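The structure appears below as structure tokens.
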Amino acid sequence: MIKKLLIGASALALATGVANAQAVFGKKDGPTVNSEIASAPNPSGSSNYSDVQQKASDNQATVDQTGGARNSSRITQGNNAATSGNNRADVDQDGPGGNNVKIVQKSAPENPGNLSFRSDLTPSADLGGKNQRAIVTQRNTLNSGSATTRNDAVIYQGNDQAGGLRNYANVDQNGFGNDAGIQQGALATGYGSEEDGRMKATISQTGSYNTAETAQGEIDTSTTVQVGSNNEAYVSQDPVLSNQPGIDAYGRVSSVSQIGASNGAYVSQTGLEAQSQVDQTGLANTASVLQSGDKQGSVAATSVITQGLVGFNDTDVRQTANANSIVNQQGQANEADVRQNGSQADSNIQQNGSRHDAFVTQDAVKASSKVTQTGGSILFGGNDATVTQRAGANNVASEVIQSGIGNSATVDQSGEGDTASSTPESFIQQIGTSNVATLKQAATADLALSDINQDGARNRAEVYQEAKAKSDIDQIGNDNKAYVNQYAGAANASSKVYQSGLRNRANVNQSAASEISEVSQLQNDNIAEVTQGSAGAGSYSKVSQDGNSNKSYVTQNALSVDSYITQAGNGNISTVSQTANANSYSTISQAGFNNVATVSQ
């Protein structure tokens, strides 16, 4: 699976300087739209060509080019005066040989003393570059998609240190091979004194081999819609004030919708309250979201990714602000990788289809993770989940539910939990085929719990906790095994294992405080070993077996020891050793066949 994470300089050259410098928009591996349009006053082969230049403010330019073999239009509005703004540019192109548009709407650099933006965005009185609008419509349904017959559109609004306010840009392209780039503000190197906000950029592309790229500053909205095959969308909403971090980096919103096969969406956002939504419908989709910025109270970055209905889906989410992530994948081969580092990290992954992989890593306070995977196959694939929550995982929670074929789940948590609970502190449920579940809690497990249920086929479950323990494993059918260790003074330890049919086995080790353990196995090749220890504290153990090759061994380690073993039919054996008195007690009851029992106190 592809792992593309950052938009980076190769896709969006954000630190390119003034708005009419060459930025990298359009096809990331080919010539830029900007350089193609700017290369000559009248690009080679153009039937229709216009070059409009309007200074100052309140300008309007309308260009209509229809039917030319190759249409080209360039519009420059505004200047570096503080009053520059309220400019309008509309371009409509329709031709079979490729259409090109470049629109630049300038504004004045800002006074660094004007940096006062908050979430309500009260603008400075002299803010330049306000209320600019650029609309481009291109239709080219007959072209071949070659480099010279594509639709290309670039819109720049703003200037170095003067992004502007309430600017609107819209590109609508229809054809085989469309490139669109919109840059609003987001221009100053370091962004030390830039003001911009409430920008809106919309790119709509219908056809195949589409590339859409948007770069914006703060409190901005980007919408990209692509219909066709082989679409790529890049959104960068990144700048943070270098001299006053977090002051104006609020409320960035990005929405990418792609319908077709082989789609890629790459979103990078910084600041507070960033919101990203990616919807991909079709075959072979890749989505990458990076959200970072200040970590303030309950203010959270949100990422929602939906991929489906068939095919191969790949998702990467990286969040370092307070973060929420939702991934929903429907398809034949899904992979989701979510990594969160910040307070209140929350991850929810839903996968439905044949092959699943999900990895979640949270290094956060108040981390929460939920993974649901269902039936698999395409030749026996499906399910896998790895959740790691750490760095004092605080109010840890985790839930993994899997359904069919190659199940496996591994959770690794560290510390604390509860905060008036609503259970998990891990819970794994698996249903059919090659089940395995491994859980580790520690550092030093604080209010640990754990619950693993498995259902059928190659079951196995291992739990390791280190205190304030509890653990509960149910297994039902096939090659059951279960191992539980609770240690480090096992505090209020407990453990229940219940197994049902076929190759049962259970192993429990606890080490003191209020140790309890109950194992019940029913039929087939039962064995249960329980060792309590480090001098036994509130020991108790009960093993009940039912039928077939029963065996039980319990070793306790004194103090309040108890032990009851009941076995019923077939190869019974029981051995209990309670190790030197305290309040010893042991009962063994056996029923039929090869009984043996030994107690030593």
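All values reported here derive from a predicted model rather than from experimental measurement.
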For this session: Before giving the answer on side chain to side chain contact (heavy atoms under 4.5 Å, CB included), spell out for V371 and V387 the whole-Å C-alpha distance, their side-chain angles and the decisive distance to 0.1 Å.
Result: CA-CA 9 Å; V371 178; V387 178; 4.2 Å; yes
Which atom pair, heavy atoms only, marks the closest approach of [X] to [Y]?
X    : Y    : value
N231 : N263 : ND2-OD1, 2.9 Å
N407 : Q430 : CB-OE1, 3.9 Å
L559 : A535 : CB-O, 3.6 Å
S552 : I565 : OG-CG2, 3.7 Å
D546 : Q523 : OD1-NE2, 3.8 Å
Q499 : N504 : NE2-CB, 3.2 Å

Seminar exercise, completed: Given the options Q373, Q402, E335, Q330, Q351 meets side chain to side chain contact (heavy atoms under 4.5 Å, CB included) only with Q373
Between side-chain atoms of residues 593-601 and protein atoms elsewhere (two or more places apart, or another chain), which donor-acceptor pairs fall under 3.5 Å?
residue : atom : partner : partner atom : Å
N595    : OD1  : N572    : ND2          : 2.4
N595    : ND2  : F593    : O            : 3.3
Q601    : OE1  : Q578    : NE2          : 3.1

Problem set entry | Stepwise side chain to side chain donor-acceptor pair (under 3.5 Å) check, N352 with T374 | CA-CA 5 Å; N352 190 3; T374 49; 2.7 Å; yes
Taking the side chain from [X] and the backbone from [Y], do they hold a donor-acceptor pair closer than 3.5 Å?
X    : Y    : answer
Q545 : K551 : yes
S471 : S450 : no
Q532 : Y540 : yes
Q486 : S494 : yes
D451 : F427 : no

For this session: Could you go through the side chain to side chain contact (heavy atoms under 4.5 Å, CB included) check for Y498 and I476 one step at a time?
Result: CA-CA 8 Å; Y498 158 82; I476 301 262; 4.2 Å; yes
Problem set entry | D384: salt bridge (Lys or Arg N to Asp or Glu O under 4.0 Å) partners, not counting sequence neighbours | none
Side-chain heavy atoms of [X] within contact of [Y], under 4.5 Å:
X    : Y    : result
S254 : Q275 : no
I305 : V289 : yes
V463 : N485 : no
K470 : S495 : no
S426 : S398 : yes
N348 : V327 : no
N453 : I428 : no
D357 : N334 : no

For this session: Go through Q329 and T315 one step at a time and tell me if the side chain to side chain donor-acceptor pair (under 3.5 Å) criterion holds.
Result: CA-CA 9 Å; Q329 295 175 318; T315 290; 3.3 Å; yes
For this session: Please assess R505 against D525 for the test salt bridge (charged side-chain N to carboxylate O under 4.0 Å, His left out), listing each intermediate value before the final yes or no.
Result: CA-CA 8 Å; R505 169 183 203 93; D525 312 332; over 6 Å; no
Pairwise distance [atom1]([X]) to [atom2]([Y]) - rounded to 0.5 angstrom:
X    : Y    : atom1 : atom2 : result
R460 : I473 : CZ    : CD1   : 11.5 Å
N570 : Q590 : CG    : CD    : 12.5 Å
D279 : T306 : CG    : OG1   : 4.5 Å
E399 : S369 : CD    : OG    : 9.0 Å
R503 : Q521 : CZ    : CD    : 12.5 Å
S288 : D316 : OG    : CG    : 5.0 Å

Problem set entry | Sub-6.0 Å ring centroid separation between Y585 and Y564 | yes
For this session: Determine, stepwise, if the pair Q340 / S325 fulfils side chain to side chain donor-acceptor pair (under 3.5 Å).
Result: CA-CA 9 Å; Q340 296 172 318; S325 170; 4.8 Å; no
Exercise. Of Q307, E232, Q280, which is the lone residue that meets side chain to side chain donor-acceptor pair (under 3.5 Å) with Q258?
Worked result: Q280
Exercise. Of the options N459, N524, D474, N526, which is the one that meets N480 in a side chain to side chain donor-acceptor pair (under 3.5 Å)?
Worked result: N459
Exercise. When you look at V267 and Y234, which way does the side chain to side chain contact (heavy atoms under 4.5 Å, CB included) test go after all the steps?
Worked result: CA-CA 6 Å; V267 179; Y234 299 87; over 6 Å; no
Problem set entry | Residue pair Q475, S500: steps toward the side chain to side chain donor-acceptor pair (under 3.5 Å) verdict | CA-CA 6 Å; Q475 304 181 127; S500 186; over 6 Å; no
Exercise. Is the shortest side-chain N to carboxylate O distance from D479 to K481 below 4.0 Å?
Worked result: no
For this session: Check the pair E462 / Y464 against side chain to side chain contact (heavy atoms under 4.5 Å, CB included), numbers first and verdict last.
Result: CA-CA 7 Å; E462 305 182 8; Y464 161 82; over 6 Å; no
